[in-house]
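Accompanying notes for the structure given below.
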Amino acid sequence: MPVLVIPGFGSNDHSIDRLVRSLNAAGFAATGWGQQTNLGYRPELLEGLAVRLNDIVADRGSKVILVGWSLGGLFARETAKLHPELVSMVVTLGSPFSGCRRNNNAWRLYEAINDHSVDNPPIASELAEKPCVPTFAMWSQRDGIVSTGSAHGLCNESDARIQLHSTHLGMATRSGPIRQIVQLLADRLAETQNTERVDVGS
């Protein structure tokens, strides 16, 4: 099963390398987004992500799991809304999709290096609106950057909310949370395969 991992604000594919390698070791076909450092919620990055997603689907012949860390989770959710036929599942890691867009400790830096405010990004989207594919919000009380409520969200904004035991920066780089992420994907894949077998046999 292909997995596309999207880095967080201020990070790139090198930053998510440990998570990607762990997913590959668990039997997934994982890759990064193949773009520059993620410096903002920008249209050109969303468009590049769509190209990457299409290429993976064409190559693998299968829908893709999107895993987005921090700001990468906003890209993952929006991409799934725009291209649900290409996405099997969305997992966000400490992503600020719910509530006030300033409920984090990074918004001032974000605005300092972008030509737009966090309240008015150049991508028109309802961040809290749930994609029409299975969507899981992984969050942590120890996050330290994104508020718990913003990453946790309301019940109607995701299909499930799973607590990680991690700091924000450790979600895609430390062994503990990475094991939780890999296990979630493995469990969901097994559930999907079991459901398909039941449907075929019924």
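- With sequence neighbours left out, Ser98 forms a side-chain hydrogen bond (donor to acceptor under 3.5 Å, both in side chains) with Glu157.
- Residues forming a salt bridge (charged side-chain N to carboxylate O under 4.0 Å, His left out) with Arg52 (at least two apart in sequence, or on another chain): none.
- Scanning both residues, Leu66 and Ala76, for their nearest heavy atoms gives CD1-O, 3.5 Å.
- Environment of CD in Glu85: crowded, with over 12 heavy atoms of neighbouring residues, nucleotides or ligands closer than 6.0 Å.
- For residues 117-145, the ring-ring contact (aromatic ring centres under 6.0 Å, His included) pairs, not counting sequence neighbours, are Trp139-His152.
- For Asp55, there are no side-chain hydrogen bond (donor to acceptor under 3.5 Å, both in side chains) partners at least two apart in sequence or on another chain.
- In the hydrophobic clustering of this structure, Leu86 does not group with Met89; members are Ile, Leu, Val, Met, Phe, Trp, Tyr whose side-chain heavy atoms approach within less than 4.5 Å, directly or through other members.
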Can you list the steps and then say if Arg188 with Leu184 is a side-chain contact (heavy atoms from CB on, under 4.5 Å)?
-> CA-CA 6 Å; Arg188 285 295 304 172; Leu184 169 67; 4.1 Å; yes
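- Within the 4.5 Å cutoff, the side chain of Arg101 has heavy atoms near those of the Pro121 side chain.
- Residues Val5 and Val91 are members of one and the same hydrophobic cluster, defined by side-chain heavy-atom contacts under 4.5 angstrom among Ile, Leu, Val, Met, Phe, Trp and Tyr.
- For the residue pair Gly10 and Leu39, the shortest heavy atom distance occurs at CA-CD2, 4.2 Å.
- Val133 and Ile56 fall within a single hydrophobic cluster, where Ile, Leu, Val, Met, Phe, Trp and Tyr are joined by side-chain heavy atoms under 4.5 Å apart, directly or via other members.
- Applying the ring-ring contact (aromatic ring centres under 6.0 Å, His included) test to residues at least two apart or on different chains, none of the pairs has a partner in residues 83-104.
- For Asp187, the side-chain hydrogen bond (donor to acceptor under 3.5 Å, both in side chains) partners at least two apart in sequence or on another chain are Gln183.
- Taking 4.5 Å as the limit, every side-chain heavy atom of Thr31 sits out of range of all side-chain heavy atoms of Val20.
- The two residues Ser150 and Cys100 come nearest to each other via the heavy atoms OG-O, 4.4 Å.
- Annotation for Lys130 and Asp159: closest pair NZ-OD2, 3.0 Å, computed over non-hydrogen atoms.
- Residue Arg142 holds its CZ atom at 10.5 Å from CG of Leu164, rounded to the nearest 0.5 Å.
- Taking CE of Met1 as the start and CG of Leu23 as the end, the distance is 12.5 Å to the nearest 0.5 Å.
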All N/O donor-acceptor pairs, side-chain side in residues 168-175, below 3.5 Å, sequence neighbours left out:
residue	atom	partner	partner atom	Å
His168	ND1	Asp143	OD1	3.1
His168	ND1	Asp143	OD2	3.0
His168	NE2	Ser70	OG	2.9
Thr173	OG1	Leu169	O	2.9

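- Taking Asp17 as the reference, Arg21 meet the salt bridge (charged side-chain N to carboxylate O under 4.0 Å, His left out) condition, with sequence neighbours excluded.
- Remark: Lys81 pairs with no residue by the side-chain hydrogen bond (donor to acceptor under 3.5 Å, both in side chains) rule, at least two apart or across chains.
- With sequence neighbours left out, Tyr110 forms a ring pair (Phe, Tyr, Trp, His ring centres under 6.0 Å) with Phe9, His116.
- Val90 is not connected to Leu189 by any chain of hydrophobic side-chain contacts under 4.5 Å among Ile, Leu, Val, Met, Phe, Trp and Tyr, and they are in different clusters.
- Residues passing the salt bridge (charged side-chain N to carboxylate O under 4.0 Å, His left out) test with Asp59, sequence neighbours excluded: none.
- Here Glu44 pairs with nothing under the salt bridge (charged side-chain N to carboxylate O under 4.0 Å, His left out) rule; sequence neighbours left out.
- In the hydrophobic clustering of ILVMFWY residues, with side-chain heavy atoms under 4.5 Å counting as a link, Trp69 and Leu4 come out apart.
- Between Glu111 and Val118 the shortest side-chain heavy-atom distance falls below 4.5 Å.
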